[in-house]
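Keep in mind that what you see is a predicted model, and the values were worked out from it rather than measured.
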Amino acid sequence: MSQNTAPQAPRPPSAAHASHTSDWASGGSLFAGVLMVVTGIIDIFEGIAGISHNVVYARVGDYIYRFNTTTWGWIHLCLGGLIAITGYAILKRSAWGRIIGMTLVGLNIVVQFLFLPYQPWWALFSMAVSVFIIWALATDTSFANHDKHHR
């Protein structure tokens, strides 16, 4: 015996599933905010090391994006300060922090890529952390809900 039934339209995810996904992404953005503060502070230290002691980083031969280490120090110091401040804004659930955070962390990926010959392991690690931060901030929908409730 066979039963003929009309196909049913796919059901939307249950509220519990949607809430669980949102909570997970929200936790990810909280972690992203903490990572941004820590990454920013480490970049500040990296910048100070480059500015104060020109011999901290490995000497690089013929590299097309070669700057002296003092220049790299200032780049890391400024970018690290902005990333740390933006990470704090994300911890405060600021919508502008989310947008600026994704932009600055994207810029951090580019800077770390260019900095690879000087500190290859740290640059790779920082790039991987930055990719996670962008994902966490981009997938968290609670920022929009938070802003709607506080207007």
Side-chain angles (χ1 to χ4, degrees), residues 6-53 56-58 60 63-67 69-151:
Q8 296 179 355
R11 289 184 281 179
S14 67
H17 179 266
S19 173
H20 175 70
T21 302
S22 177
D23 289 343
W24 196 82
S26 180
S29 67
L30 174 67
F31 186 54
V34 171
L35 282 177
M36 285 184 70
V37 171
V38 171
T39 299
I41 291 170
I42 291 173
D43 278 354
I44 289 170
F45 289 147
E46 192 174 14
I48 291 170
I51 293 167
S52 64
H53 299 291
V56 171
Y57 299 118
V60 177
Y63 179 54
I64 196 162
Y65 301 111
R66 184 180 59 193
F67 296 124
T69 54
T70 302
T71 303
W72 277 117
W74 281 107
I75 290 169
H76 284 292
L77 181 70
C78 295
L79 185 60
L82 291 172
I83 289 173
I85 290 167
T86 307
Y88 178 74
I90 288 168
L91 293 175
K92 296 300 241 175
R93 307 297 297 163
S94 170
W96 69 263
R98 177 182 177 215
I99 302 301
I100 300 298
M102 286 189 288
T103 304
L104 287 175
V105 173
L107 180 61
N108 189 49
I109 291 172
V110 173
V111 166
Q112 294 298 335
F113 176 76
L114 298 176
F115 197 66
L116 268 169
Y118 297 93
Q119 288 286 326
W121 291 110
W122 169 251
L124 288 172
F125 177 74
S126 184
M127 289 166 64
V129 167
S130 296
V131 168
F132 169 77
I133 292 170
I134 291 172
W135 171 83
L137 295 177
T139 58
D140 186 4
T141 58
S142 67
F143 277 97
N145 296 335
H146 185 270
D147 285 345
K148 286 179 188 176
H149 295 304
H150 286 87
R151 285 189 184 177

Show the nearest heavy-atom pair for residues [X] and [Y], with the distance to one decimal.
| X | Y | answer |
| --- | --- | --- |
| I41 | A84 | N-CB, 4.3 Å |
| L116 | A123 | CD2-CB, 3.8 Å |
| A136 | G28 | CB-O, 3.5 Å |

Are the side chains of [X] and [Y] in touch, meaning some heavy atoms are under 4.5 Å apart?
| X | Y | result |
| --- | --- | --- |
| I90 | M102 | no |
| I134 | I109 | yes |
| L77 | W74 | yes |
| M36 | N108 | no |

So, applying side-chain contact (heavy atoms from CB on, under 4.5 Å) with I42, which one of V38, I44, T39 is it?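 The residue from V38, I44, T39 that satisfies side-chain contact (heavy atoms from CB on, under 4.5 Å) with I42 turns out to be V38.
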Strictly by modelled atom types, are E46 and W72 linked by a side-chain donor-acceptor pair under 3.5 Å?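 No, no side-chain donor-acceptor pair sits under 3.5 Å.
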Is there a donor-acceptor contact under 3.5 Å linking the side chains of R93 and S29?
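Their side chains do contain a donor-acceptor pair, which is all the 3.5 Å distance test asks for.
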| message | Between F115 and H76, is the ring centroid distance below 6.0 Å? | response |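 When the ring centroids of F115 and H76 are compared, they turn out to be within the sub-6.0 Å range.
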CG of L35 to CD1 of I133: how many Å apart, nearest 0.5 Å?
->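 L35 atom CG to I133 atom CD1 measures 5.0 Å (nearest 0.5 Å).
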Open item on the list: Looking at S126 and W122, would you say the former's side chain and the latter's main chain have a donor-acceptor pair under 3.5 Å?
Closed with: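 Not a single qualifying donor-acceptor pair exists.
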